[in-house]
Novice: 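I have a structure here, written as C-alpha cells, and I will follow up with some questions on it.
All ligand and atom numbering here is 1-based and tracks the order in the structure. The analysis underlying the following values was restricted to heavy atoms, covering all of them including side chains, and did not include hydrogens, waters or symmetry mates. Residue numbers count from 1 along this sequence.
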Amino acid sequence: MLNAPARPLLGCIADDFTGATDLANMLVRGGMRTVQSIGIPAADVADQLNADAIVIALKSRTVPAADAVEDSLQALHWLRERGCEQIFFKYCSTFDSTAAGNIGQVSEALLQALGSDFTLACPAFPENGRTVFRGHLFVQDQLLSESGMQHHPLTPMTDANLVRVLQAQTQGKVGLLRHDSVSAGVESIRARIAQLRADGVSMAVADALCDTDLYLLGEACADLPLLTGGSGLALGLPGNFRRAGKLRDLDAAHVPVVQGAAVVLAGSASQATLGQIANWLQAGRPAMRVDPLALAAGKPVVEDALAFAADHAQTVLIYATNTADEVKAVQRELGAERAGHLVEQAMGRIASGLREAGVRRFVVAGGETSGAVVQALNIQLLQIGAQIDPGVPACVSTPGEPLALALKSGNFGGVDFFDKALKQLAGVPA
Ligand SMILES: Nc1ncnc2c1ncn2[C@@H]1O[C@H](COP(=O)(O)OP(=O)(O)OP(=O)(O)O)[C@@H](O)[C@H]1O
Ligand SMILES: O=C(O)[C@@H](O)C(=O)CO
C-alpha cells in the first residue's frame with residue numbers, strides 16, 4: 001500500500017445529496033478515503049482534495065433529462081481532469097426516476113463521453129432490503145411497484161421490471177445479467193457480459209440478492225469505465241484498487257470530533273423517519289413541529305424554533321411531520337411543491353440560525369431537507385467518516401470552521417437513529 005497524497009481513483013456522480021453520502025459511506029467502509037462535494041468543487045478547494053474517491057452530489061434526480069445530462073457531463077469532465085480511472089453514476093436503490101427519465105439518458109451520455117459501449121445498471125442494496133431478481137426490483141418482500149413507491153409524489157415507480165423501465169429511457173439496447181450468471185462467479189459474469197456486448201446490448205440490468213453477488217459484480221467489472229447503480233454495486237470496487245496496489249494504508253473513516261451543541265432536523269415524512277420521530281417523542285425528549293400551514297400564514301415559526309432550542313439545555317428535535325395523513329392534508333391546502341418548499345426553506349433558516357447560536361452538529365433527515373440545510377450552511381465539501389447505520393455515515397464539513405453532520409435518506413436508519421447519530425457525532429464510542 002502507498003502513503004503519498006492521493007490522486008482520485010474513482011470519480012462518482014450522484015443524483016441527490018443523501019444518495020451521494022450513502023455511496024461515499026460504502027467506499028469508506030471498503031477503505032477508500034472519500035470526499036463528497038456539493039456540486040462541482042470550486043477551483044480554490046479542488047487542490048485541497050486528498051481522496052481516493054470523490055463523489056459529486058448533484059440535485060438531478062427529478063429534473064428534465066437534458067438538464068440532468070448536462071450537469072452530469074460537467075461533473076464527468078471535472079472528474080476526468082483530476083485523473084479518475086473509473087466513473088460511478090449513483091442513483092436510488094429504488095430506481096427513482098420519472099416517466100421521462102433520467103437514469104437511462106444520463107447513463108448513455110456518460111457512456112458516450114467515456115467512449116465506452118457497455119455498462120451495468122444495478123440498484124440492489126440488500127442491507128436495506130433492495131434486491132434485484134430476473135431484472136425485477138424488490139423492496140424487502142414486495143415488488144417495487146407494490147412497495148409504496150408507486151405512490152411517491154415525484155417519482156412514482158409503477159413497474160418493477162427494470163429492463164422495461166430502463167429501456168423506455170434509453171436509445172441503445174437494454175439486457176439482463178441474470179442471477180445464475182452472477183452467482184457462478186467472476187469468470188461467468190465476464191463471459192455473459194461479452195455475450196451481451198456481442199448481442200449489441202449497451203446496458204444490462206444486473207441481478208443481485210446479497211452482498212456476495214455485489215462483490216462478484218464489482219470484481220468482474222474492474223475494467224469497465226462506467227458503472228451505474230445503488231451504493232451496493234460499489235461494495236467490490238475498493239478491493240479492485242487495493243489488489244492493484246493503489247490504495248493507501250490509512251484509516252479512511254478518520255474525521256475530527258467537532259465540539260459544540262447539536263440539533264436534529266427532520267423534514268422527511270418517510271416511514272422510517274416517522275418511526276424515528278415517534279421514538280424521540282415517546283421518550284419525552286424536547287421537540288417542536290414546524291407547521292407548514294403556520295409558515296404559509298406568515299407566522300414566526302423559524303424564530304419560535306430558534307427560541308425553543310435556546311430554551312433547552314438538551315438537544316432538540318425540530319420536525320415537520322407526525323403522520324403521512326398530515327402531509328396529504330397540508331398538500332391539499334398548499335399544493336405539494338409549495339408545502340415542500342416552505343418546509344425546506346424553514347429548515348435551512350433554522351439550521352443557519354442555530355449555527356449562529358453555537359450549534360455545530362446537525363442530524364438531518366430527508367434528501368431534499370439535507371440539500372436545503374447543506375446549502376443554507378454554505379457547505380462545500382464533506383469528509384466522510386464511519387457508518388452510523390447502513391447507508392448513513394458521519395461527515396465533517398470543510399473548508400472553514402468544521403461542522404459535524406449526519407445526512408439521512410428518508411427511509412434509512414433504525415428507530416433509534418437520531419440518538420445513535422448524536423452520539424457518534426459527539427465522538428462517543430458505540
Ligand atoms: N407536513 C408536510 N406537509 C407537506 N410537505 C412536507 C411535510 N413534511 C415534509 N414535507 C416535505 O416533504 C419533502 C420530504 O422530502 P425529503 O427528501 O426531505 O424526505 P424523503 O423524501 O423522506 O427523503 P429521501 O429523498 O432521502 O428519500 C420535503 O420537501 C419536505 O419539505
Ligand atoms: O440508494 C438509496 O436508496 C439512497 O442512497 C437514496 O438515493 C435515497 O434518496
Novice: How far is atom 28 (C) of ligand 1 from the closest protein heavy atom, and which atom is that?
Specialist: E344 OE2, 3.5 Å

Novice: Which atoms of ligand 2 are found less than 4.0 Å from any heavy atom of C92?
Specialist: 1 (O), 2 (C), 3 (O), 6 (C), 7 (O), 8 (C), 9 (O)

Novice: Provide the number and element of each atom of ligand 1 under 4.0 Å from a heavy atom of T18.
Specialist: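 Result: 26 (O).
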
Novice: For atom 25 (O) of ligand 1, find the nearest protein heavy atom and state the residue, atom name and distance (0.1 Å precision).
Specialist: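 Answer for atom 25 (O) of ligand 1: G367 N, 3.7 Å.
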
Novice: Can you list the ligand 1 atoms lying under 4.0 Å from a non-hydrogen atom of S409?
Specialist: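 Those qualifying, in numeric order: 26 (O).
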
Novice: Nearest protein heavy atom to atom 5 (O) of ligand 2, by residue and atom, and its distance?
Specialist: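 Its nearest protein heavy-atom neighbour is D22 OD2, 2.6 Å.
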
Novice: Run down the list A346, G267, S270, G366 and name the one with the heavy atom closest to atom 21 (O) of ligand 1.
Specialist: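 Shortest heavy-atom distance from atom 21 (O) of ligand 1: S270.
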
Novice: Have a look at ligand 2 and work out which part of F412, if any, has a heavy atom under 4.0 Å from it: side chain, backbone, both or neither.
Specialist: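 For F412, only side-chain atoms sit under 4.0 Å from ligand 2.
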
Novice: What protein heavy atom lies closest to atom 27 (O) of ligand 1? Include the residue and the distance to one decimal.
Specialist: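 Answer for atom 27 (O) of ligand 1: G410 N, 3.6 Å.
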
Novice: For atom CD of Q112, decide whether the heavy atoms of other residues, nucleotides or ligands shown that lie under 6.0 angstrom number more than 12.
Specialist: no

Novice: What atoms of ligand 2 come closer than 4.0 angstrom to any heavy atom of G19?
Specialist: 5 (O), 6 (C), 7 (O)

Novice: Of the backbone atoms (N, CA, C, O) and the side-chain heavy atoms from C-beta on, which set of V330 has a member under 4.0 Å from an atom of ligand 1: side chain, backbone, both, or neither?
Specialist: side chain

Novice: Can you list the atoms of ligand 1 that are under 4.0 Å from a heavy atom of A320?
Specialist: 1 (N), 8 (N), 9 (C)

Novice: Say whether, by atom type as modelled, one donor and one acceptor occur between the side chain of E85 and the main chain of P225 under 3.5 angstrom.
Specialist: no

Novice: Which option wins on minimum heavy-atom distance to atom 7 (C) of ligand 1: N411, L334, T321?
Specialist: T321

Novice: With no hydrogens and no angle check, is any side-chain donor or acceptor of S270 less than 3.5 Å from a backbone partner on T273?
Specialist: no

Novice: Between D389 (side chain only) and F412 (backbone N and O only), is there a donor and an acceptor less than 3.5 Å apart?
Specialist: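 Flag not set: sc D389 to bb F412 has no pair under 3.5 Å.
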
Novice: May I ask you to list the atoms of ligand 2 that are less than 4.0 angstrom from any heavy atom of K90?
Specialist: 1 (O), 2 (C), 4 (C), 5 (O), 6 (C), 7 (O)

Novice: Give the residue and atom name of whichever protein heavy atom lies nearest to atom 8 (C) of ligand 2, and the separation in Å to one decimal.
Specialist: S409 OG, 3.4 Å

Novice: Could you give me the CA-CA distance, side-chain angles and deciding distance for F138 and L143, then say whether side chain to side chain contact (heavy atoms under 4.5 Å, CB included) is met?
Specialist: CA-CA 4 Å; F138 290 79; L143 282 168; 3.7 Å; yes

Novice: If I apply the N/O under 3.5 Å rule, does E368 come out as touching ligand 1?
Specialist: yes

Novice: Is any side-chain N of the basic residue among K299 and D291 closer than 4.0 Å to the acidic one's carboxylate O?
Specialist: no

Novice: Is the distance between the ring centroids of F418 and Y319 less than 6.0 Å?
Specialist: no

Novice: Under 3.5 Å, is there a donor-acceptor pair between the side chain of R360 and the main chain of L403?
Specialist: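 Absent.
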
Novice: Among all protein heavy atoms, pick out the one at the shortest distance from atom 3 (O) of ligand 2; state its residue, atom name and that distance to 0.1 Å.
Specialist: S93 OG, 2.6 Å

Novice: So, E108 and S202: side-chain donor and acceptor under 3.5 Å apart, yes or no?
Specialist: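 No, S202 and E108 have no side-chain donor paired with an acceptor closer than 3.5 Å.
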
Novice: Looking only at protein heavy atoms, which one is nearest to atom 5 (N) of ligand 1, and what is the separation?
Specialist: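 Ranking protein heavy atoms by distance from atom 5 (N) of ligand 1, first comes A339 CB, 3.9 Å.
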
Novice: N/O to N/O below 3.5 Å, does that happen between R61 and ligand 2?
Specialist: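 Indeed, backbone or side chain, R61 has an N or O that close.
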
Novice: Return the residue, atom name and 0.1 Å-rounded distance of the protein heavy atom closest to atom 6 (C) of ligand 1.
Specialist: V343 CG2, 4.3 Å

Novice: Carefully, step by step, assess V392 and T21 under the rule side chain to side chain contact (heavy atoms under 4.5 Å, CB included).
Specialist: CA-CA 7 Å; V392 198; T21 316; 5.8 Å; no

Novice: Could you tell me whether K408 and ligand 1 have an N or O pair separated by under 3.5 Å?
Specialist: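 Checking ligand 1 against K408, no N or O pair falls under 3.5 Å apart.
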
Novice: Could you check whether any heavy atom of T273 sits closer than 4.0 Å to an atom of ligand 1, since that is the contact criterion I want to use?
Specialist: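 So T273 does not count as touching ligand 1.
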
Novice: Hey, are E344 and K59 close enough for a salt bridge, meaning a charged N less than 4.0 Å from a carboxylate O?
Specialist: no

Novice: Taking atom CD of Q150 as the centre, does the number of heavy atoms from other residues, nucleotides or ligands within less than 6.0 Å exceed 12?
Specialist: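 Yes, enclosed.
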
Novice: Among all protein heavy atoms, pick the one closest to atom 18 (O) of ligand 1 and tell me residue, atom and distance.
Specialist: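 Here the closest protein heavy atom is T369 OG1, 2.6 Å.
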
Novice: Between R355 and E401, does any NZ, NE, NH1 or NH2 come within less than 4.0 Å of an OD or OE carboxylate oxygen?
Specialist: no

Novice: How are the rings of H312 and F308 set to each other: parallel, tilted or perpendicular (split at 30° and 60°)?
Specialist: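 The rings of H312 and F308 sit tilted, inter-plane angle from 30° to 60°.
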
Novice: Is the closest basic N to carboxylate O distance between R338 and E333 below 4.0 Å?
Specialist: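 Not counted as a salt bridge, because no side-chain N and carboxylate O are separated by less than 4.0 Å.
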
Novice: Could you list the atoms of ligand 2 found under 4.0 angstrom from a heavy atom of D16?
Specialist: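 Here the atoms of ligand 2 in question are 7 (O), 9 (O).
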
Novice: Which residue supplies the protein heavy atom nearest to atom 31 (O) of ligand 1, what is that atom called, and how far is it?
Specialist: G340 O, 3.0 Å

